[in-house]
Amino acid sequence: RCRGSSHPRRRRVCRRPDRSRPHRVESGIPSFSLGPDGLWTKYGQPSNLSYGVFSRDPQDWWEQRLSDEDAVDNAEPNPGHVAIAQLEDAGIIRAVITQNVDDLHGRAGSLHLLEIHGNRNYLRCIGCGWRRPRAEHAITDVPPVCVECGGIIKLDTVMFGEPIPRAVLDACFAETQRCDAMLLVGTSGAVNPAAQLPLLARERGASIIEVNPEPTQLTAAAHVVVTGPSGDMLPRIVQALRSGEYRSN
């Protein structure tokens, strides 16, 4: 049984998946980097994810991006995403930290969402940091130009070789310092700086709970391990909490 602190400043944080793990697969998004079936294992790292490629020719990058459609465009939140939003609505989870860029947490109802690698449904200026939903900004010319400073606009997603925006990274570390429990769902624990967060939380006395169908690099640091797909396990946890089977002190 996981027990939470009654201290008013202590918070439970859900640290969500990186881009390689099973939680995305449950929403129909192929795994990227890990395992024999990972897209990068089969085909290599796609060059259009590189910030250097974008910087050299943003017009060509945008022309390719607007002509492509992939599984992420058609993905829907799965029961695991919905369960996380329900736990947040119940006040059990106070923040959701994710490396995924698919916006499935937001669409499932999560509100306090910290997206380390950005959100593919947003645009961001590389000059002044202007950021808006993509649906609110019609792209008529490529590369799109910022209305605030005239700089080049890119997708909000953080590319390889591009710095993570300082504000969101600082917010992630702040939540980690405040939390009394951290729920790890579908993460390999192999991608920094996010992989540091559970270890920092544990050092500060937080309980670490892992939900994953297989062991990860963070399993040894977890106080509680729930083995199974998040789409199955998280709704069962929500149901158990609602029925009073588990209570926090």
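Counting begins at 1 with the first residue of the sequence. Fair warning: this is a prediction, and the values are worked out from it, not measured in the lab.
- The closest side-chain donor-acceptor pair between Asp103 and Asn121 falls under 3.5 angstrom.
- Heavy atoms of other residues, nucleotides or ligands lying less than 6.0 angstrom from CG of Asp141 number 12 at most.
- No more than 12 heavy-atom neighbours from other residues, nucleotides or ligands sit within 6.0 angstrom of CZ on Arg236.
- Heavy-atom minimum distance, Ile164 versus Pro193: CD1-CD, 3.7 Å.
- The closest side-chain heavy-atom distance from Pro198 to Met182 is below 4.5 Å.
- Put simply, the side chain of Arg124 does not reach to within 4.5 Å of the side chain of Trp130, judged on heavy atoms.
- Both Met233 and Ile93 belong to a common hydrophobic cluster when Ile, Leu, Val, Met, Phe, Trp and Tyr are linked at side-chain heavy-atom distances under 4.5 angstrom.
- Between Arg242 and Val238 there is a side-chain heavy-atom pair separated by less than 4.5 Å.
- In this structure, CG in Asn100 is found 5.5 Å from NE2 in His105, a value given to the nearest 0.5 Å.
- Hydrophobic clustering, with ILVMFWY side chains joined whenever heavy atoms are under 4.5 angstrom apart, groups Val158 together with Ile97.
- A single hydrophobic cluster is seen to contain both Val224 and Ile237, as judged by linkage of ILVMFWY side chains at heavy-atom distances under 4.5 Å, directly or through other members.
- Ile84 has its side chain within reach of Leu234: a pair of non-hydrogen atoms, C-beta onward, lies under 4.5 Å apart.
- Atom CD1 of Ile126 and atom CD of Glu162 lie 8.0 Å apart (nearest 0.5 Å).
- Electrostatic pairing of Arg120 and Asp156 does not count as a salt bridge here, judged by no charged N lying under 4.0 Å from a carboxylate O.
- Atoms CD and CD, on Gln196 and Glu203 in that order, are 10.0 Å from each other to the nearest 0.5 Å.
- Although no hydrogens or angles enter the test, the distance criterion places no donor-acceptor pair under 3.5 Å between the side chain of His137 and the main chain of Arg134.
- Considering Asn119, Asp102, Val101 as possible partners of Thr157, the one that fulfils the side-chain contact (heavy atoms from CB on, under 4.5 Å) test is Val101.
- The minimum heavy-atom distance linking Ala190 with Ala195 is given by the pair N-CB, 4.3 Å.
- Between Trp61 and Met159, some side-chain heavy-atom pair lies under the 4.5 Å cut-off.
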Practice problem: List the steps and the verdict of side-chain contact (heavy atoms from CB on, under 4.5 Å) for Leu123 and Lys154. | Solution: CA-CA 6 Å; Leu123 302 173; Lys154 64 180 288 292; over 6 Å; no
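- Leu111 and Ile92 fall into different hydrophobic clusters, where Ile, Leu, Val, Met, Phe, Trp and Tyr are joined by side-chain heavy atoms under 4.5 Å apart, directly or via other members.
- At least one donor-acceptor pair under 3.5 Å links the side chain of Asp57 to the backbone N or O of Asp60.
- For the pair Ala222 and Val225, the tightest heavy-atom approach, listed with the atom from each and the gap, is CB-CG2, 3.8 Å.
- Follow the hydrophobic side-chain contacts under 4.5 Å out from Tyr122 and you never reach Leu114; the two are in separate clusters.
- Side-chain contact between Thr227 and Glu210 is absent, with no heavy-atom pair separated by less than 4.5 Å.
- Not one N or O on the side chain of Thr187 forms a donor-acceptor pair closer than 3.5 Å with the backbone of Leu184.
- Minimum interatomic distance between Ala75 and Arg107 (heavy atoms only, all atoms of both residues): O-NH1, 3.1 Å.
- Considering OG1 of Thr219 and CD1 of Ile208, their distance stands at 12.0 Å, rounded to 0.5 Å.
- Contact detail for Ser110 and Glu88: the closest heavy-atom pair is CA-OE1, 3.2 Å.
- Here the side chains of Ile152 and Cys146 are not in contact, with every heavy-atom distance at 4.5 Å or above.
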Quiz item: Under the side-chain contact (heavy atoms from CB on, under 4.5 Å) criterion, do Val145 and Ile153 qualify, and how do the steps go?
Solution: CA-CA 6 Å; Val145 176; Ile153 290 176; 5.9 Å; no
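- With sequence neighbours excluded, no residue satisfies side chain to side chain donor-acceptor pair (under 3.5 Å) with Asp89.
- Counting heavy atoms from C-beta outward, Leu199 and Arg202 have side chains that stay 4.5 Å or more apart.
- Cys172 contributes atom SG, which lies 11.5 Å from atom CG of Leu200 (distance to the nearest 0.5 angstrom).
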Self-check item: Step-by-step side-chain contact (heavy atoms from CB on, under 4.5 Å) determination, His112 to Val96
Solution: CA-CA 6 Å; His112 191 183; Val96 178; over 6 Å; no
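- Taking all atoms of both residues into account, the shortest heavy-atom contact from Ala206 to His223 is O-CE1, 3.4 Å.
- Counting only N and O atoms by type, the side chains of Glu115 and Thr98 include no donor and acceptor under 3.5 Å apart.
- Inspection of the Gln217 and Ser188 side chains reveals no N or O donor paired with an N or O acceptor under 3.5 Å.
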